[in-house]
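One structure is given here, and the rest of the page talks about it.
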Amino acid sequence: MTINIDKKQFQEDLIGWFLAEKRDLPWRRTADPYQIWISEIMLQQTRVDTVIPYYKRFVEKFPTLYDLAEADEQILLKEWEGLGYYSRARNLQAGVKEVAENYGGIVPDNRKDFSSLKGVGPYTAGAVLSIAYGIPEHAVDGNVMRVLSRILLIEEDIAKPKTRKLFEEAVTEIISHEDPSSFNQGLMELGALICTPTSPKCLLCPVREHCAAFDKGKQHDLPIKTKAKKNKAMQFAMIAIKEGDAILMEQRPTTGLLANMWQFPMMELTDEVLPLQIEEELSENFSGVVDGVEKITSFKHVFSHLTWNVDGFIAKGKNLKIPPHMKWVTAEELDLLPIAGPVQKMKTALQLRGDV
DNA sequence: CAGACGTGGTA
DNA sequence: TTACCAAGTCT
């Protein structure tokens with residue numbers, strides 16, 4: 001591709017602006033590749049304001065790479081609770097363990113080795129290598145594609161995986177070799193503060209004079225991005241089964257949605273269900289007695305790709321035979337289990353009633 | 001490659 | 001309310 005900008009001047013304008021205007025973020029106060037790695041994983045598809053408190057707690061709880069490598073997965077997931085995309089946490093720990101075991105605890109300083117780690121894709125590899133080690137590697141995220149699509153007037157669909165390579169080539173071409181860290185971060189910071197998806201602040205832009213879209217008045221038409229499809233709805237009954245003070249919880253499978261997280265036992269519904277039907281089905285499933293089923297709440301939880309419509313019930317259990325992925329917990333133990341959004345809503349409903 | 005994979009903020 | 005988004009990666 002042909003790039004019609006003055007590279008040297010562009011780098012100077014971008015980096016100069018970044019160094020003067022950059023936000024004071026927690027992960028910009030460390031030079032530790034491990035901590036920078038954590039920040040990049042947390043920031044995937046997640047807002048800066050959301051990440052800040054999680055990042056602070058996380059590095060305090062797991063200050064060194066070895067602290068995380070040795071951490072119990074339930075503790076780890078509990079720290080990640082509410083951040084979403086939970087496989088990021090488990091992949092991060094898998095990556096950290098590999099560094100501890102195979103790299104002497106030193107985060108690899110080259111793309112080939114670092115990219116081989118779980119959860120480290122092309123963006124994260126470039127981000128950590130450039131920010132932590134000052135290596136001139138591309139780090140192309142959504143911000144960078146939006147910013148460069150405007151500056152270079154690139155009209156490819158950024159929703160297509162193939163397009164990212166085009167931007168990686170562009171960055172490789174124009175990245176500063178004197179300060180690749182500020183260059184990459186500057187591109188992203190510009191996307192976050194100035195070159196925003198809607199209403200870009202072009203009059204405040206430090207690289208306006210390099211921008212082909214601004215020159216042609218097309219900044220509002222870029223980037224080109226095909227829209228996502230809408231998600232599907234599912235119906236569930238979520239049942240809080242109590243035997244005395246103990247409450248029954250189940251752990252989700254090790255793969256897929258909310259992997260290894262905990263929840264109140266759930267039944268997928270095909271249509272409207274009555275408390276009596278729930279009693280029958282559960283009594284049969286647990287080879288015991290489940291009765292006193294009562295609906296206590298109803299809510300909707302929207303994930304990125306699907307929606308759960310949940311009816312929440314309470315019930316009493318006697319002499320239940322439970323499978324290995326379930327366990328009885330006290331209210332205190334319940335607070336230690338990692339649970340995701342919909343389960344949080346159910347737990348809140350129970351707490352309001354004084355049931356847990 | 002298309003779809004799975006969370007959450008909370010904003011228009 | 002609907003839709004889109006925000007520093008992506010894995011299968």
Side-chain angles (χ1 to χ4, degrees), chain A residues 18 22-23 25-28 36-55 77 80-92 94-95 114-132 138-148 157-165 167-168 171 181 184-193 195-199 223 225-234 252-261 263 300-308 338-345:
Chain A
F18 175 71
K22 65 178 179 180
R23 290 167 290 178
L25 303 173
W27 45 90
R28 287 181 175 161
I36 291 170
W37 181 6
I38 292 170
S39 75
E40 290 302 339
I41 298 299
M42 287 188 169
L43 286 163
Q44 289 170 8
Q45 301 290 285
T46 311
R47 285 182 159 71
V48 165
D49 288 344
T50 303
V51 168
I52 290 173
Y54 281 91
Y55 174 83
L77 286 174
W80 207 272
E81 182 182 289
L83 242 197
Y85 288 138
Y86 299 95
S87 66
R88 288 184 298 176
R90 297 184 307 122
N91 287 339
L92 173 60
F114 193 41
S115 294
S116 75
L117 304 176
K118 285 213 175 54
V120 178
Y123 163 75
T124 302
V128 174
L129 291 174
S130 61
I131 296 170
H138 59 72
V140 175
D141 69 341
N143 280 314
V144 172
M145 287 197 282
R146 181 176 60 259
V147 169
L148 290 185
D157 181 1
I158 68 167
K160 298 204 176 306
K162 188 178 176 184
T163 305
R164 199 196 66 243
K165 292 182 173 54
F167 286 93
E168 289 174 350
V171 172
S181 169
N184 280 341
Q185 291 188 78
L187 238 28
M188 293 187 277
E189 194 81 341
L190 193 64
L193 302 180
C195 196
T196 47
T198 57
S199 319
K225 186 178 187 181
T226 55
K227 37 190 171 288
K229 44 175 18 174
K230 51 196 308 185
N231 61 15
K232 289 169 181 154
M234 299 176 78
R252 295 179 58 84
T254 53
T255 58
L257 184 65
L258 309 179
N260 286 7
M261 303 286 281
Q263 64 188 17
K300 181 203 306 204
H301 188 85
V302 180
F303 294 96
S304 47
H305 61 303
L306 53 85
T307 297
W308 282 8
I339 60 178
V343 186
Q344 204 93 55
K345 288 172 182 167

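Residue numbers start from 1 in every chain, and the chains themselves are labelled A, B, ... in the order their sequence lines are given, proteins ahead of strands.
- Taking the side chain of A:P122 as heavy atoms from C-beta on, and the options C:dT9, B:dC5, C:dA6, the nearest nucleotide is C:dT9.
- Here B:dA2 presents its P atom at 11 Å from NZ of A:K162, a figure rounded to the nearest Å.
- Regarding contacts with the backbone of B:dC5, a side-chain N or O of A:H305 is found under 4.0 angstrom from either OP1 or OP2.
- Across B:dG8 and C:dT9, the matching P atoms stand 22 Å from one another, rounded to whole Å.
- Base contact: A:W27 has a heavy atom under 4.0 Å from a base atom.
- When the nearest nucleotides of DNA chain C are assigned to A:K118 and A:A192 by heavy-atom distance, the more 5′-ward of the two goes with A:A192.
- Checking the phosphate oxygens (OP1, OP2) of C:dC5, a side-chain nitrogen or oxygen of A:K225 falls inside 4.0 Å.
- A:E189 pairs by the salt bridge (charged side-chain N to carboxylate O under 4.0 Å, His left out) definition with A:R23, A:R28, not counting sequence neighbours.
- Residues forming a side chain to side chain donor-acceptor pair (under 3.5 Å) with A:R47 (at least two apart in sequence, or on another chain): none.
- Using a 4.0 Å heavy-atom cutoff across all strands shown, A:L25 reaches at least one base atom of the nucleic acid.
- By the ring pair (Phe, Tyr, Trp, His ring centres under 6.0 Å) test, A:Y55 pairs with A:W27, sequence neighbours left out.
- Listed nucleotides: B:dA2, C:dA6, C:dG8. Nearest to the side chain of A:R146: C:dA6.
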N/O-N/O pairs, protein side and nucleotides 7-11 of chain B side, under 3.5 Å:
{"from": "B:dT7", "atom 1": "OP1", "to": "A:Y86", "atom 2": "OH", "distance (Å)": "2.8"}
{"from": "B:dT7", "atom 1": "OP1", "to": "A:G341", "atom 2": "N", "distance (Å)": "2.9"}
{"from": "B:dT7", "atom 1": "OP2", "to": "A:H301", "atom 2": "NE2", "distance (Å)": "2.7"}
{"from": "B:dG8", "atom 1": "N2", "to": "A:R47", "atom 2": "NH1", "distance (Å)": "2.3"}

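- A:L193 places its CG atom 12 Å from the P atom of C:dA6, with the value rounded to the nearest Å.
- Between A:R88 and A:K165, the residue anchored closer to the 5' end of DNA chain B is A:K165, taking for each the nucleotide with the nearest heavy atom.
- Here A:V120 lies in heavy-atom contact (under 4.0 Å) with sugar-phosphate atoms only.
- Taking A:S304 as the reference, nothing meets the side chain to side chain donor-acceptor pair (under 3.5 Å) condition, with sequence neighbours excluded.
- Regarding A:N231, its CG atom lies at a distance of 12 Å from the C1' atom of B:dC5, rounded to whole Å.
- Evaluation of the side chain to side chain contact (heavy atoms under 4.5 Å, CB included) rule for A:K160 yields A:D157, A:T163 as partners, not counting sequence neighbours.
- In this structure, A:K160 reaches neither bases nor backbone, as no heavy-atom distance under 4.0 Å exists between it and the strands shown.
- For the P atoms, the distance linking B:dG3 with C:dA6 amounts to 22 Å, nearest Å.
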